[in-house]
Asker: 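Let me begin by handing over the structure; questions about it come next.
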Amino acid sequence: MLHYEPKDLTVPEVHRLLLGGVAPRPIALVSTISKDGINNLSPFSFFNAFGANPPIVAFSPSRRGRDATLKDTYNNLVTTKECIIQAVTHSMVEQVSLASAEFPPDYDEFIKSGLTPINSDIVKPKRVKESPFQMECKVLEIKSFGEGGASANLAICQVLKFHVAEDLFTKGIIDPVKIDLVARMSGSFYSRAADGVFILEQPVGKKCIGYDQVPLHIRQSEIYSANDLGKFGNSEAIPNESEVNEFIKKIKEEKLEQFESGYDAFLRYQSLNDYSRMLKAALELSETQKINIQLSVKCALQNNDIDFAWKTALFVGMMK
Ligand SMILES: Cc1cc2nc3c(=O)[nH]c(=O)nc-3n(C[C@H](O)[C@H](O)[C@H](O)COP(=O)(O)O)c2cc1C
């Protein structure tokens, strides 16, 4: 590991560390209006949501790194105490990047970026039509930390109204693939969230046994990854010996119709992601049997068949 205290680094070095390690960051496309009625539009990735009752979001229009001057967004927030925060989708990312260019305060950044302004219901700043998720906000507080270049100005806002495109929803939740959000990472790197979406079962409301209760022979196996063990720890109970024996008996009674038995059969079932038949084939092999059985456990875990994985993994521990 490398170890740093911020006092020993330059501000750009600290900034680079934060950008790389606190990532991917959601991007707030913030629209404000000046006291003279000029629209401003800029992206901010020092941004997140912090509570739902009332809905609180915050972002930081920091002082400019170059000369520690305040950004137009900050000045507008101080004078008008209102903004719109919109989500940034992949289809608009180039225009959003354009909105981050430094135009003088009297330039309308809707015009410069080519994004379309539409009226809001409660606050004065305009919404961005192209974004499928828009929040009308009032500024509750701006907390400043320091006066040097790149110092934070945390604008804490309450959401007064959400505007969300109807077609984003699947079964009542915003579908990550449909919304197609982008996020900011280090340097010029961005992430297209939909490309990396996966499902993780949540332990909310469950009485999980925890990692430490996973039997030692499973924890010490070289086949299972830390994530595999985490999945076991996420379970509420461990099957008992007779449940394991019953399960294995049933697997042994099954017939392998599709392919012949032996290692080739095991490999064919593995390529088909068929962990039940992988186990059946592995049970018929004498050499490297344990490893192959454990590979069927891994395959079951990948398919979220935790009951199968438990019984099979426990069976390995019962083998001579
Ligand atoms: C994706 C992205 C994220 C950004 N995040 C921030 C941020 O969190 N804080 C910040 O001060 N500037 C951030 N910037 C830079 C501002 O958008 C830029 O300084 C902009 O010119 C500010 O405009 P304004 O002076 O009109 O407010 C970001 C730029 C991009 C492209």
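Everything quoted here is computed from the prediction, not taken from an experiment. Because only heavy atoms are used, hydrogens play no part in the values below, and waters and symmetry mates are left out as well, while side chains stay in. Just follow the structure's listing: the first ligand is 1, and inside any ligand the first atom is 1.
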Asker: Please answer whether the main-chain N or O of Thr69 pairs with a side-chain N or O of Asp67 as donor and acceptor at a distance below 3.5 Å.
Answerer: yes
Asker: Please state whether the rings of Trp310 and Phe232 are parallel, tilted or perpendicular, taking 30° and 60° as the class boundaries.
Answerer: tilted
Asker: If you take the centroid of each ring, where Trp contributes its six-membered ring, are Phe59 and Phe47 closer together than 6.0 Å?
Answerer: no
Asker: Are any side-chain N or O atoms of Glu136 and backbone N or O atoms of Ile84, one a donor and one an acceptor, separated by less than 3.5 Å?
Answerer: no
Asker: Is a donor on one side and an acceptor on the other found under 3.5 Å between the side chain of Lys112 and the backbone of Phe103?
Answerer: no
Asker: Using the six-membered ring wherever Trp is involved, compare the ring planes of Phe308 and Phe247 and label them parallel, tilted or perpendicular (cut-offs 30° and 60°).
Answerer: perpendicular
Asker: Protein residues near ligand 1, heavy-atom distance below 4.0 Å?
Answerer: Ile27, Asn40, Ser42, Pro43, Phe44, Ser45, Phe46, Ser60, Pro61, Ser62, Arg64, Lys71, Asp72, Thr73, Ser100, Ala101, Glu102, Glu109, Arg184, Tyr190
